[in-house]
Amino acid sequence: MEQTSFTIPLLFNDEAFRHDLLTWYQGNKRLLPWRENQDPYRIWVSEIMLQQTQVDTVIPYFNQFMERYPTIKELAEADEQNVLKSWEGLGYYSRARNLHTAVKEVVEKYDAQVPSDKKELKQLKGIGPYTLGAVLSIAFNHPEPAVDGNVMRVLSRILHIDEDIAKPKTKKLFEEVVKEIISYEDPSSFNQGLMELGALVCHPKNPECETCPVQQHCLAYEHGDQKDLPVKTKQKKQKVSSYYGLVLKNDEGKFFIQKRPDEGLLANMWEFPIVLQEEFDQKELVNWFEVEYGLSINIYTQGKRVRHVFSHVIWEVDVIYASVKGGQKSDGDGKFVTLEELERYPMPNIQQKIKKLIH
DNA sequence: AATGCGTGGTC
DNA sequence: TGACCAAGCAT
């Protein structure tokens with residue numbers, strides 16, 4: 001009844017492919033912190049961190065995170081601000097907040113045991129189709145597909161599938177394909193093997209086909225057009241927004257920072273106040289701040305321009321230094337802190353760049 | 001379905 | 001050096 005626009009070629013030897021892939025994986029898999037055991041909590045955390053993030057970047061974050069939050073209960077009992085601090089610099093911060101929410105739910109509803117039930121696991125915050133399959137297969141040995149960018153790239157070449165992998169529908173196609181060829185003996189190694197192959201051999205550019213363990217199964221290699229696969233439409237260019245960033249110091253040498261809103265970009269992270277230049281000209285800044293924060297500031301110099309590229313937008317922030325009179329009161333989410341105290345607040349990289357300009 | 005959501009590495 | 005890429009999810 002399910003009609004996909006693709007059927008696996010009869011000449012594709014899935015049994016031999018599984019054997020060759022698993023044999024290669026067993027002999028070539030990297031020793032990674034989350035591969036030391038099969039603790040579902042560790043597997044879960046690693047999969048969240050690995051979303052859109054490279055292994056080398058994740059490793060130190062994962063080790064520190066596990067040192068600080070060794071068990072589900074300890075993470076569940078933590079303050080979100082501390083969890084965000086552990087995530088600082090890793091990006092996509094909603095991952096951390098969703099993981100924290102989900103972990104608390106697991107403690108309450110499932111006695112702190114990661115559910116192995118597909119439906120229960122899927123409804124947890126931050127667990128989508130990929131992470132669901134990854135946790136089920138790696139932690140519980142269930143034969144579920146875990147289709148990420150690696151898997152789509154590898155299989156698009158092996159089976160010569162030229163559907164646009166940027167389209168959601170295409171991922172479903174690959175999930176159906178994996179269901180048909182996955183190993184029921186070792187689904188964990190099968191899924192990880194596909195991803196490992198994508199990371200170590202079947203690169204996006206210049207795939208190392210000459211040393212590929214499944215070269216003889218690869219239709220793209222046979223055609224000689226592996227460089228043209230996968231097909232992927234490119235994303236739009238980011239638009240640039242210009243801001244003023246205010247580094248405000250009061251009489252005690254403390255700096256003004258504020259907590260960002262609880263949703264949207266960099267939610268619940270802390271920042272030096274910024275304002276869109278198209279909304280307020282530099283001449284209006286003093287008045288704007290007075291009205292917005294109830295504090296009188298005195299601009300004394302303009303610093304450098306800081307540029308920061310996000311996934312979907314570019315910020316250019318002109319840093320402005322100013323002094324504040326008095327400034328003990330702190331309405332809402334703003335407050336004055338010393339440079340030392342500032343270290344305890346989770347701040348995104350754009351704000352770290354601004355912070356480094358303080359001398 | 002299309003868009004919002006970070007950061008670092010590569011060429 | 002800008003563009004692309006990397007173990008995606010929420011809405």
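Convention: sequence-line order gives letters A, B, ...; per-chain numbering from 1. What's counted below: heavy atoms across the whole structure, side chains too, no hydrogens, waters or symmetry copies.
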Mind checking [X] for me? I need base, sugar-phosphate or nothing, with any heavy atom below 4.0 Å counting as a touch.
{"X": "A:R153", "value": "sugar-phosphate"}
{"X": "A:V313", "value": "nothing"}
{"X": "A:K205", "value": "nothing"}
{"X": "A:R35", "value": "base"}
{"X": "A:L32", "value": "base"}
{"X": "A:G198", "value": "nothing"}
{"X": "A:L90", "value": "base"}
{"X": "A:V309", "value": "base"}
{"X": "A:R307", "value": "nothing"}
{"X": "A:W34", "value": "base"}

Are the ring centres of [X] and [Y] closer than 6.0 Å?
{"X": "A:H223", "Y": "A:Y221", "answer": "no"}
{"X": "A:F65", "Y": "A:Y61", "answer": "no"}
{"X": "A:F289", "Y": "A:F256", "answer": "yes"}

Considering just the side-chain nitrogens and oxygens of [X], establish if one lies under 4.0 Å of OP1 or OP2 belonging to [N].
{"X": "A:K234", "N": "C:dA3", "answer": "no"}
{"X": "A:K236", "N": "B:dT3", "answer": "yes"}
{"X": "A:N349", "N": "B:dG8", "answer": "yes"}
{"X": "A:Q54", "N": "C:dA6", "answer": "no"}
{"X": "A:H312", "N": "B:dG6", "answer": "no"}

Item to check | Heavy atoms from other residues, nucleotides or ligands near CD of A:E278 exceed 12 (cutoff 6.0 Å) | outcome: no

Checklist entry - Quick one: does A:Y92 reach the base of B:dG6 with a side-chain donor-acceptor pair under 3.5 Å? => result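 Yes, a donor-acceptor pair under 3.5 Å.
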
Checklist entry - Donor-acceptor pair under 3.5 Å: do we get one between A:T53's side chain and the base of B:dG8? => result no

Checklist entry - Which of these nucleotides, C:dG8, B:dG6, C:dC5, is closest to any side-chain atom of A:T131? => result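 The answer is C:dG8.
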
Checklist entry - So, do A:K171 and A:E175 sit near enough that their side-chain heavy atoms are less than 4.5 Å apart? => result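 Sidechains of A:E175 and A:K171: in contact.
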
